[in-house]
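Just dropping this structure here.
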Amino acid sequence: GAAFTIDSTTGNTFRPFNSATDLYNFGPTNHYQRPDRRYSLGAMGHYELTDYADVYTQLMFTDYSSIAQIAPGGNFFNSNSVNCANPFLSAQQAGLLGCSAADVAANNSATLYVARRNVEGGGRQQSFENSSFRALVGVRGEITDAWSYDTSVQYSKVKADQLTLNYFKIDRIQRSLNVVADPTTGAPVCMSVLDGTDPNCVPYNVFQLGGVTQEALNYLQAPGLQQGTIDQTVYQAVLTGDLTSIGIKSPMASQGVGVVFGAEYRKDRLTNNTDDLLTTAQLSGTGGATIGISGETAVRDLFAEINVPLLEGVPFFDSLGFDAAYRYSDYDTLTTDTYKVGLDWAPIQDVKFRGSYQKAVRAANVVELFTAQGFNLFDLAGDPCGADLAGSSAAASDAACLATGVPQALLRSPSLDSPAGQYNFLQGGNPDLTPEESDTVTAGIILTPRFLPKLTMSIDWFNIKIEDTISTFGADNTLNACYFQGDAASCARINRDQNGNLWRGDGFVEDLNVNIGSLETTGIDVNLNYSGLEIGTLGSLNFNMTGTYLDELVVVPGPGVESYDCAGLYSGSCGTPNPEWRHHARLGWQTPWNVDLSLTWRYYGSVEEFRGNPVQLDYELDEANYFDLAANWAVTEKASILVGVNNVLDSDPPITSAVGTTGNGNTFPQTYDALGRWIFIRAQVGF
């Protein structure tokens with residue numbers, strides 16, 4: 001069918017919808033930075049009962065509120081018809097909808113899917129009201145000169161309330177559009193008011209510019225409420241000692257063998273209750289149902305660490321030592337082992353080599369295990385069976401599209417492509433998740449040259465690989481695996497509606513929490529420090545630079561499915577930008593006037609769009625450079641004032657249309673400075 005929009009020159013007639021110029025710009029109303037309010041109260045104390053027992057406590061309370069806002073919601077094809085006798089329809093509009101004079105007289109219905117933002121009601125908002133409490137009580141002390149202990153119990157609780165605002169209640173939308181002239185007054189009135197099925201209904205006039213009233217919004221909009229709590233209890237006992245006291249020590253080292261033994265019990269419990277509107281997906285623009293969650297996990301740990309100096313002060317061995325750690329964890333349904341070994345060797349005082357291997361295991365948390373299934377949105381440049389990707393390498397074959405439920409008549413149809421680039425997927429927890437395991441290997445060198453005693457430099461290579469990663473396969477990966485690799489299991493997770501859609505109706509891609517194949521990253525960390533460079537009577541300079549070169553960030557979604565490397569890429573399955581090089585460099589000046597000045601340089605390398613089209617304008621995001629200035633004035637020993645300007649040059653962030661649900665405002669505020677120049681002042685007083 002034809003697509004129309006309101007003609008602004010008349011205000012009450014239709015003209016053809018132009019997908020190039022009439023799409024809604026949802027970026028301007030989104031919050032880059034949420035307004036918030038926070039109150040914190042803390043207390044710490046200790047009391048020495050005896051020489052061997054120091055009782056200590058820590059108390060902390062925080063109250064936090066904030067409002068997040070995204071683009072307005074509205075009617076996202078939630079209604080499918082309009083009655084021909086609707087008094088808001090002009091004669092031209094009724095004619096284009098196929099309403100004849102007889103249809104108007106009989107008040108017959110015409111097919112009409114409405115896609116209209118609630119611009120009058122404002123952006124969709126999430127109002128957060130959170131409070132947290134933490135209490136810790138412990139006893140610590142020395143048993144002997146070589147041995148000490150620390151035992152504690154900790155209880156934490158977080159209460160989180162979330163209110164959803166400015167969303168339309170879906171079952172009211174169609175009623176508000178079914179409007180007739182009141183037989184008594186002639187005023188527009190909902191049919192449901194006349195027949196008594198909904199006496200509160202208020203007409204919603206989307207057929208005239210300026211036709212939406214506040215009364216209509218009051219009727220259509222409804223708040224949704226979530227109330228959640230998280231409780232955590234931790235019991236811990238640690239024993240620390242030096243084995244030199246019992247004669248265990250390398251004869252060629254001056255330092256003794258240090259050990260730590262400990263035990264811990266930890267219990268986490270989470271509940272999140274949602275009201276009926278959220279549970280039954282009655283709010284338009286939420287992406288699907290938000291269903292409550294309840295569950296708990298408990299783990300008992302035994303752990304030990306050891307540090308062994310082997311050689312000190314001998315030729316080619318200024319120092320040589322190793323360290324190791326082990327942890328045994330007993331969950332309710334499984335046990336895990338984690339361990340680490342490390343070695344460091346300094347042939348001379350100026351140079352030290354270090355390396356380590358670590359085996360880590362992480363069991364699924366409460367959210368990953370027990371989150372109820374519900375619908376959400378994922379980003380996609382276009383349906384592989386739709387018109388947007390037709391003729392490109394990202395287009396699926398006709399046979400594959402037909403096999404997954406696309407009707408023959410709708411192959412390559414624009415109706416399969418979401419105008420917002422967002423499609424439905426089914427998310428949720430999985431109580432059958434197994435622990436993920438990681439192997440971490442590092443090797444590096446530390447330089448502290450005696451001819452430059454104020455210089456320290458380290459270079460470390462790392463390789464981290466996680467097997468059976470607890471994550472999701474990825475809805476876009478599912479489409480690629482089905483259509484381009486013939487993976488039958490992936491094709492079975494594609495559920496198209498009767499019109500072949502994945503973005504409206506009841507079409508979706510299943511993407512529950514699973515143990516995917518693997519995630520592996522390799523790179524190099526660089527750290528450079530030069531401190532205390534005297535500049536005569538003007539004080540001293542300090543320099544620090546920390547940078548990371550990302551060589552690989554490889555994801556293997558599952559057996560038999562093509563892997564992909566996100567190093568240097570962004571968007572799609574790679575999410576936020578992953579530049580191959582980024583660094584943070586700071587030059588500090590300690591003046592003789594109780595004022596410290598600093599200049600910081602933040603750098604992010606360029607990135608390319610994941611599986612994007614190289615000919616598009618925003619395929620590559622250029623490198624970003626940000627410079628920050630700060631001055632800290634020590635007014636007294638206990639009072640100071642900090643003044644600063646971040647992004648001094650007011651550099652704009654890279655702009656792209658491929659941010660989807662991951663970014664915001666056509667960029668990625670998680671990485672780039674989206675707010676431009678930022679000026680701040682902070683005062684601190686100690687007592």
Side-chain angles (χ1 to χ4, degrees), residues 1-30 70-100 103-104 108-124 166-168 170 172-179 188 202-214 216-217 220-221 284-285 377 381-383 386-388 410 412-423 499 501 503-505 657 665-666:
F4 303 111
T5 188
I6 302 294
D7 191 333
S8 60
T9 60
T10 64
N12 67 342
T13 60
F14 285 149
R15 65 168 175 79
F17 179 83
N18 186 329
S19 60
T21 59
D22 292 334
L23 286 177
Y24 179 76
N25 182 1
F26 56 81
T29 55
N30 291 8
I70 59 175
N75 184 354
F76 295 109
F77 299 103
N78 299 112
S79 59
N80 57 16
S81 66
V82 63
N83 59 306
C84 289
N86 190 312
F88 295 136
L89 286 173
S90 66
Q92 185 258 8
Q93 291 171 330
L96 288 177
L97 294 177
C99 292
S100 65
D103 290 325
V104 174
N108 294 329
S109 294
T111 299
L112 178 67
Y113 288 91
V114 176
R116 187 187 189 279
R117 296 273 184 171
N118 177 25
V119 292
E120 295 83 6
R124 286 167 287 176
N166 300 337
Y167 287 73
F168 280 179
I170 292 176
R172 295 178 181 175
I173 295 176
Q174 186 67 63
R175 293 198 294 270
S176 70
L177 292 173
N178 189 7
V179 180
V202 177
Y204 183 45
N205 182 6
V206 299
F207 304 106
Q208 300 172 12
L209 293 182
V212 177
T213 65
Q214 184 61 48
L217 297 181
L220 287 167
Q221 294 176 163
S284 174
L377 301 173
D383 191 316
D388 285 354
L410 294 175
R412 310 302 164 204
S413 168
S415 67
L416 300 182
D417 296 310
S418 165
Q422 298 173 359
Y423 298 78
N499 295 313
N501 282 293
W503 66 280
R504 59 182 174 183
S657 61
N666 300 116

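Side-chain atoms are counted along with the backbone in the values below, which use heavy atoms only and exclude waters and symmetry mates.
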Report task. Over all heavy atoms of both residues, which pair between Gln174 and Asn80 is shortest? Give the atoms and the distance, please. Result ->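 So the two residues come closest at OE1-N, 3.2 Å.
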**Report entry** Set of residues satisfying ring pair (Phe, Tyr, Trp, His ring centres under 6.0 Å) with respect to Phe168, sequence neighbours excluded
**Finding:** Tyr204
I'd like a table of donor-acceptor pairs (distance under 3.5 Å, sequence neighbours excluded) in which one partner is a side-chain atom from residues 108-115, with atom names and distances.
residue: Asn108; atom: ND2; partner: Asp103; partner atom: OD1; Å: 2.9

Query - Side chain Asn18, main chain Ala20, donor-acceptor under 3.5 Å - result: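 Yes; judged by distance alone, with no hydrogens or angles, the pair exists.
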**Report entry** Residues in salt bridge (charged side-chain N to carboxylate O under 4.0 Å, His left out) contact with Asp22, at least two apart in sequence or another chain
**Finding:** Arg15
Query raised in the report: Step by step, would you call Gln93 with Cys99 a side chain to side chain contact (heavy atoms under 4.5 Å, CB included)?
Result: CA-CA 9 Å; Gln93 291 171 330; Cys99 292; over 6 Å; no
Query - All side-chain hydrogen bond (donor to acceptor under 3.5 Å, both in side chains) counterparts of Arg412, not counting sequence neighbours - result: Asp398
**Report entry** Side-chain (Tyr423) to main-chain (Ser418) donor-acceptor, under 3.5 angstrom
**Finding:** yes
Query raised in the report: Which residues satisfy the side-chain contact (heavy atoms from CB on, under 4.5 Å) test with Asn78, sequence neighbours excluded?
Result: Asn75, Phe76, Ile170, Ile173, Ser284
Requested in this report: Drop me the distance from Leu416's CG to Asn499's CG, to the nearest 0.5 angstrom.
Outcome: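 Reported value, rounded in 0.5 Å steps: 9.0 Å.
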Query raised in the report: What's the shortest heavy-atom distance between Gly285 and Tyr167, and which atoms?
Result: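 Shortest heavy-atom contact: O-CE2, 3.7 Å.
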Query raised in the report: Who passes ring pair (Phe, Tyr, Trp, His ring centres under 6.0 Å) against Phe4, sequence neighbours left out?
Result: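 Only Phe14 meet the ring pair (Phe, Tyr, Trp, His ring centres under 6.0 Å) criterion with Phe4.
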Requested in this report: Could you pull out all residues at least two apart from Arg504 that satisfy salt bridge (charged side-chain N to carboxylate O under 4.0 Å, His left out)?
Outcome: none
Query raised in the report: Is Trp503 reaching over with its side chain to a backbone N or O of Gly421, donor-acceptor style, under 3.5 angstrom?
Result: no
Query raised in the report: Step by step, would you call Thr213 with Asn205 a side chain to side chain contact (heavy atoms under 4.5 Å, CB included)?
Result: CA-CA 8 Å; Thr213 65; Asn205 182 6; over 6 Å; no
Requested in this report: Output all residues satisfying salt bridge (charged side-chain N to carboxylate O under 4.0 Å, His left out) with Arg116, sequence neighbours left out; order by chain, then residue number.
Outcome: Glu120
Query raised in the report: Could you state the interatomic distance from OG1 (Thr13) to CG (Asp7), rounded to the nearest 0.5 Å?
Result: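 The distance works out to 4.5 Å.
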Query raised in the report: With side chains defined as the heavy atoms from C-beta onward, is the minimum distance between Pro87 and Val179 less than 4.5 Å?
Result: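 In short, these two side chains touch, coming nearer than 4.5 Å.
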Query raised in the report: In chain order, what residues pass the side-chain hydrogen bond (donor to acceptor under 3.5 Å, both in side chains) check against Asn30, with sequence neighbours excluded?
Result: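 Only Asn664 meet the side-chain hydrogen bond (donor to acceptor under 3.5 Å, both in side chains) criterion with Asn30.
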Report task. Check Gln221 against Arg172 and note the closest heavy-atom contact, atom names and distance. Result ->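 Taking every non-hydrogen atom into account, O-NH1, 4.1 Å.
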Query - Partners passing side-chain hydrogen bond (donor to acceptor under 3.5 Å, both in side chains) against Asn12 (at least two apart in sequence or in another chain) - result: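 With neighbours one apart ignored, the set is empty.
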Report task. Using a 4.5 Å cut-off on heavy atoms from C-beta on, say whether the side chain of Leu97 contacts that of Leu89. Result ->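 Yes; the side chains approach each other to less than 4.5 Å.
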Query - Minimum heavy-atom distance between Ala71 and Tyr24, given as atom pair plus value - result: CB-CE2, 4.4 Å
Query raised in the report: Under the side-chain hydrogen bond (donor to acceptor under 3.5 Å, both in side chains) test, which residues partner Asn86, sequence neighbours left out?
Result: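 Testing Asn86 for side-chain hydrogen bond (donor to acceptor under 3.5 Å, both in side chains), a comparison that skips the adjacent residues, returns none.
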Query raised in the report: Partners of Ala387 by side-chain contact (heavy atoms from CB on, under 4.5 Å), sequence neighbours excluded?
Result: Pro414, Asp417
Query raised in the report: Looking at CG of Asn166 and CG of Leu217, how far apart are the two atoms once the value is rounded to the nearest 0.5 Å?
Result: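 Interatomic distance, Asn166 CG to Leu217 CG, rounded to 0.5 Å: 9.0 Å.
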